[in-house]
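Heads up: the structure comes next, in structure tokens.
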Amino acid sequence: MKWSAPFIPVLLVTMLGTSAAHAVEYKSVGSNPAVLYNAPTEKGRKVFVAPRGMPVEVVLTQTGWSKVRDVAGDLAWIEAKALSAKRNVIVTAANIKLHTTAEDASAVVATADKGVLLELVAPPAAGWVKLKHRDGQTGYAKSSEVWGE
């Protein structure tokens with residue numbers, strides 16, 4: 001098949017338009033642990049039990065089910081009703097600092113180790129996120145040091 005020159009730009013715009021239109025959506029596992037499956041059915045193979053509060057990226061939603069990606073990049077299916085709009089993040093860097101303001105020079109109110117779950121208080125802005133530890137400390141950390149924002 002020979003493609004004409006005007007067809008190629010239209011094809012590229014169409015392909016770029018569809019891939020760029022998807023916004024990243026994060027949710028968290030609700031108040032109870034949830035089973036992740038390899039297919040959108042309870043008859044699928046159980047691949048993991050996600051702990052409550054675990055953040056996930058919603059990749060696809062289909063009749064009562066959501067295909068999600070975890071911090072490791074693994075994909076699985078979860079019942080949509082098991083997800084919560086409450087947002088949590090996982091610390092991905094070693095020993096991050098929570099600051100009083102979104103500046104490196106501000107006072108440090110707490111630290112968190114890699115793997116710790118923190119509540120997202122405010123969406124990312126200028127490379128920083130406002131987070132809350134379950135013990136109550138609230139502060140700002142760099143967006144690059146957490147996953148799920």
Side-chain angles (χ1 to χ4, degrees), residues 9 11-149:
L11 178 63
L12 287 174
V13 168
T14 303
M15 290 183 344
L16 291 174
T18 57
S19 63
H22 300 306
V24 177
E25 179 185 10
Y26 290 99
K27 291 190 175 186
S28 297
V29 173
S31 57
N32 295 313
V35 177
L36 298 178
Y37 297 89
N38 70 339
T41 174
E42 289 181 340
K43 293 179 182 177
R45 183 174 48 86
K46 296 175 184 175
V47 294
F48 185 71
V49 176
R52 66 184 175 158
M54 181 178 112
V56 293
E57 176 188 354
V58 178
V59 177
L60 179 71
T61 302
Q62 171 184 327
T63 315
W65 290 86
S66 293
K67 188 172 191 175
V68 297
R69 179 178 290 118
D70 66 12
V71 65
D74 296 329
L75 293 170
W77 289 91
I78 186 170
E79 287 187 88
K81 66 182 179 185
L83 295 175
S84 168
K86 181 178 177 184
R87 299 279 304 279
N88 293 320
V89 298
I90 292 179
V91 175
T92 56
N95 199 28
I96 70 167
K97 294 174 175 68
L98 295 180
H99 296 267
T100 54
T101 63
E103 298 174 333
D104 281 318
S106 67
V108 175
V109 294
T111 60
D113 291 327
K114 187 174 184 175
V116 171
L117 191 68
L118 300 169
E119 181 182 344
L120 183 69
V121 176
W128 292 83
V129 288
K130 188 171 185 181
L131 304 169
K132 181 179 179 182
H133 189 274
R134 70 176 181 193
D135 291 341
Q137 298 97 340
T138 301
Y140 292 85
K142 293 180 181 175
S143 297
S144 60
E145 298 176 328
V146 297
W147 184 88
E149 79 289 345

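Counting begins at 1 with the first residue of the sequence. Atoms considered below: every heavy atom in the structure, side chains included; atoms not considered: hydrogens, waters and symmetry mates.
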Mind checking salt bridge (Lys or Arg N to Asp or Glu O under 4.0 Å) for K114 and listing every partner two or more places apart, or none if nothing turns up?
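Partners of K114 by the salt bridge (Lys or Arg N to Asp or Glu O under 4.0 Å) criterion come out as none, since no residue qualifies.
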
Using salt bridge (Lys or Arg N to Asp or Glu O under 4.0 Å) as the criterion, list what pairs up with E145, not counting sequence neighbours.
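Here no residue qualifies.
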
Heavy-atom side-chain proximity of [X] to [Y] below 4.5 angstrom:
X	Y	answer
K142	I96	no
L131	L120	yes
Y26	E149	no

How many angstroms lie between atom [atom1] of [X] and atom [atom2] of [Y], to the nearest 0.5 angstrom?
X	Y	atom1	atom2	answer
L117	M54	CG	CE	10.0 Å
E79	Y37	CD	OH	6.0 Å
T61	K27	OG1	NZ	6.5 Å

Give the minimum heavy-atom separation between [X] and [Y], together with the two atoms involved.
X	Y	answer
G148	V89	C-CG1, 3.7 Å
S106	T100	CB-OG1, 3.5 Å
A39	G44	CB-CA, 4.5 Å
I90	G115	CG2-CA, 4.0 Å

Contacts of E57 that satisfy side-chain hydrogen bond (donor to acceptor under 3.5 Å, both in side chains) - sequence neighbours left out:
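Checked E57 against side-chain hydrogen bond (donor to acceptor under 3.5 Å, both in side chains); matches are R69.
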
Which salt bridge (charged side-chain N to carboxylate O under 4.0 Å, His left out) pairs, counting each pair once, include a residue from residues 84-97, with sequence neighbours left out?
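Non-adjacent pairs meeting salt bridge (charged side-chain N to carboxylate O under 4.0 Å, His left out): zero.
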
Can you name the residues that form a side-chain contact (heavy atoms from CB on, under 4.5 Å) with T92, not counting sequence neighbours?
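So T92 forms a side-chain contact (heavy atoms from CB on, under 4.5 Å) with V71, W147.
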
List the steps and the verdict of side chain to side chain contact (heavy atoms under 4.5 Å, CB included) for L75 and K67.
CA-CA 7 Å; L75 293 170; K67 188 172 191 175; 4.1 Å; yes

Full working for side chain to side chain contact (heavy atoms under 4.5 Å, CB included) between V129 and L118:
CA-CA 11 Å; V129 288; L118 300 169; over 6 Å; no

Please determine whether side chain to side chain contact (heavy atoms under 4.5 Å, CB included) holds for the pair L98 and K132, giving the CA-CA distance in whole Å, both sets of side-chain angles, and the decisive distance to 0.1 Å.
CA-CA 9 Å; L98 295 180; K132 181 179 179 182; over 6 Å; no

Report yes or no: does N88 contribute a side-chain atom to a donor-acceptor pair with the main-chain N or O of G53 at less than 3.5 Å?
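Yes: the side chain of N88 pairs with the backbone of G53.
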
Quick one: does any side-chain atom of S66 pair with a main-chain N or O of V68 as donor and acceptor, under 3.5 Å?
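No: the side chain of S66 does not pair with the backbone of V68.
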
Candidate list I78, D70, L36, test side-chain contact (heavy atoms from CB on, under 4.5 Å), partner F48, passing option:
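Of the listed options, the one satisfying the test is L36.
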
Scan for ring pair (Phe, Tyr, Trp, His ring centres under 6.0 Å) pairs involving residues 92-133, sequence neighbours excluded, and state none if there are none.
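Non-adjacent pairs meeting ring pair (Phe, Tyr, Trp, His ring centres under 6.0 Å): H99-W128.
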
For W77 and V47: C-alpha separation, side-chain torsions, deciding distance, then whether side chain to side chain contact (heavy atoms under 4.5 Å, CB included) applies.
CA-CA 9 Å; W77 289 91; V47 294; over 6 Å; no

